[in-house]
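Both counts, for ligands and for their atoms, begin at 1 and track the order of listing.
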Amino acid sequence: MKIVDARVVVTSPGRNFVTLRIETDEGVTGLGDATLNGRELAVVAYLRDHVAPLLVGTDPHRIEDTWQYLYRGAYWRRGPVTMAAIAAVDVALWDIKAKVAGLPLYQLLGGASRERVRTYGHASGRDLPELFDAVRARLAEGYPAIRIQTGVPGLKLVYGVRSGALSARSVGPAVEDWDTAAYLRHLPAVCEAVRNEFGPDLPLLHDAHHRLTPSQAARLGKDLEPYDLFWLEDCTPAENQEGLRLVRRHTTTPLAIGEVFNSVFDYQTLVTEQLIDYVRSSVTHFGGVSPLRRLFDFAALYQIKSAVHGPEDISPVGMAAAIHLDLAVHNFGIQEYAGHTEATGAVFPHAYTFTDGYLHPGEEPGLGVELDEEAAAAYPYEPAYLPVNRLQDGTVHDW
Ligand code: EZ4
Ligand code: CO
């Protein structure tokens, strides 16, 4: 079997998605997600100009060799652009292998370790009443766990709180404002109010989106202990992995980190010193199913669980790959699931299902996702940026 073509399709049914389609001489094709939010075309160029020409003529069954060839062979290794491109190749080749085997991908990963995949959804509001309404809406949709984000008094735009100004389609980056002291004062009261309203059983999560120093994160973790969070996410940028030692020493609030990581090396200290409880990388930004499976096995040695990043900017192709992994690995924790627009569902018809808050990859051979290129062509690329974040004196802050 030989690869005869590797094509990149960009489509924007509500937001931009980058998809790699690999075709073989036997007519079996595979799909991979290479979407890097706000930097999509950099990955398109990396794939189209530097990776696709290397694939033509090679054996699609040699997934591991192809991965190592693209990772080590390029010399310039790691980084989000490279790893999103390699991820798309890895996932497309797994899709092909599973289709040839006539099995859903999870069967090739060891088979199902559970019946279904637990998710969490997002609830946000500028104030408590809005947040409560959002939590009720997620509960009505069946979500068994909920991430809560709110506005902070005195700040106009805050991460994760829905607002027209935060549209991914804005011409330049939207600007959020930030005041760590105000946030640290406000958040414990929000968590207390949500606990009082919704009771002790509902698993609650919160994303600090890389905005705190280790000592600030330690204090927040301690302050939130009475409200029994499922996790506190991205409490620091964690580029300085050793910084998490301080956080860990001071709080038992569970910690989840890793959505911007793209290599196991980004986790080495965090995992071996057991400084976190959940690894948060996506299939799409971590180089694919092959390395993410390896990360989960590494994390399992330290009783750390999986929690694959699943925002709207992971395409249904990347989401399907995640759900197959989630079903198969023993140390599954939880899957973030934001869902997609109807238009996105029409461009990417898929076998995976979301029922009563739980996902299942379905039983189609391969990933179980198609790309309707005719439908995709109706949504051309639209320039879009993620927001940036500034302190109230104008200093750029981590977003
Ligand atoms: O900001 O996916 O946990 N989820 C998140 C996301 C990220 C976006 C960046 O592209 O933090 O909303
Ligand atoms: Co996050």
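Other members of the cluster containing W76 are Y75, with ILVMFWY side chains joined at under 4.5 Å, either directly or via other members.
Summarising the local packing, CD of E239 is surrounded by 12 or fewer heavy atoms from other residues, nucleotides or ligands at distances under 6.0 Å. Within 6.0 Å of CZ in R7 there are more than 12 heavy atoms belonging to other residues, nucleotides or ligands. Heavy-atom neighbours of R39 CZ from other residues, nucleotides or ligands within 6.0 Å: at or below the threshold of 12.
Protein N/O/S atoms found under 2.8 Å from the Co ion (ligand 2), listed by chain and residue number: D207 OD2, E233 OE2, E259 OE1.
Look at R147 and you'll find a heavy atom under 4.0 Å from some atom of ligand 1.
The aromatic rings of H285 and H309 are tilted relative to each other, their planes meeting at an angle between 30° and 60°.
Per-residue contacts place E259 under 4.0 angstrom from the following atoms of ligand 1 (heavy atoms of the residue considered): 1 (O), 3 (O), 4 (N), 5 (C), 6 (C), 7 (C), 11 (O). Remark: ligand 1 atoms within the under-4.0 Å shell around heavy atoms of W399 are 1 (O). Near H309, the atoms of ligand 1 lying under 4.0 angstrom from a non-hydrogen atom of the residue are 2 (O), 3 (O), 4 (N), 5 (C), 6 (C), 7 (C). Near R280, the atoms of ligand 1 lying under 4.0 angstrom from a non-hydrogen atom of the residue are 3 (O), 4 (N). Under a 4.0 Å criterion applied to the non-hydrogen atoms of D207, ligand 1 contributes the atoms 3 (O), 4 (N), 5 (C), 11 (O). For ligand 1 and E233, the ligand atoms under 4.0 Å from any heavy atom of the residue are 3 (O), 4 (N). For ligand 1, the atoms sitting less than 4.0 Å from at least one non-hydrogen atom of P311 are 2 (O), numbered in the order shown with element in parentheses.
Among protein heavy atoms, atom 2 (O) of ligand 1 sits closest to D313 OD1, 2.9 Å. The protein atom (non-hydrogen) at minimum distance from atom 1 (O) of ligand 1 is H209 NE2, 2.9 Å. Here the heavy atom of the protein found nearest to atom 12 (O) of ligand 1 is Y159 OH, 3.0 Å.
Exactly one of T344, L371, I314 qualifies for a side-chain contact (heavy atoms from CB on, under 4.5 Å) with F17. That residue is T344. A ring-ring contact (aromatic ring centres under 6.0 Å, His included) with Y120 holds for exactly one of Y278, Y143, Y358, W231; it is W231.
A salt bridge is absent between K2 and D59: the closest approach of a Lys/Arg side-chain nitrogen to an acidic carboxylate oxygen does not fall below 4.0 angstrom.
Looking at R211 and Y159, their side chains come closer than 4.5 Å, going by heavy atoms from C-beta outward. A heavy-atom distance below 4.5 Å is found between the side chains of L20 and L47.
In this structure, CG in L55 is found 6.0 Å from CG in L70, a value given to the nearest 0.5 Å.
Considering backbone and side-chain N/O atoms, Y120 never comes within less than 3.5 Å of an N/O atom of ligand 1.
Checked by atom type, the side-chain pair N331/S306 shows no donor-acceptor distance below 3.5 Å.
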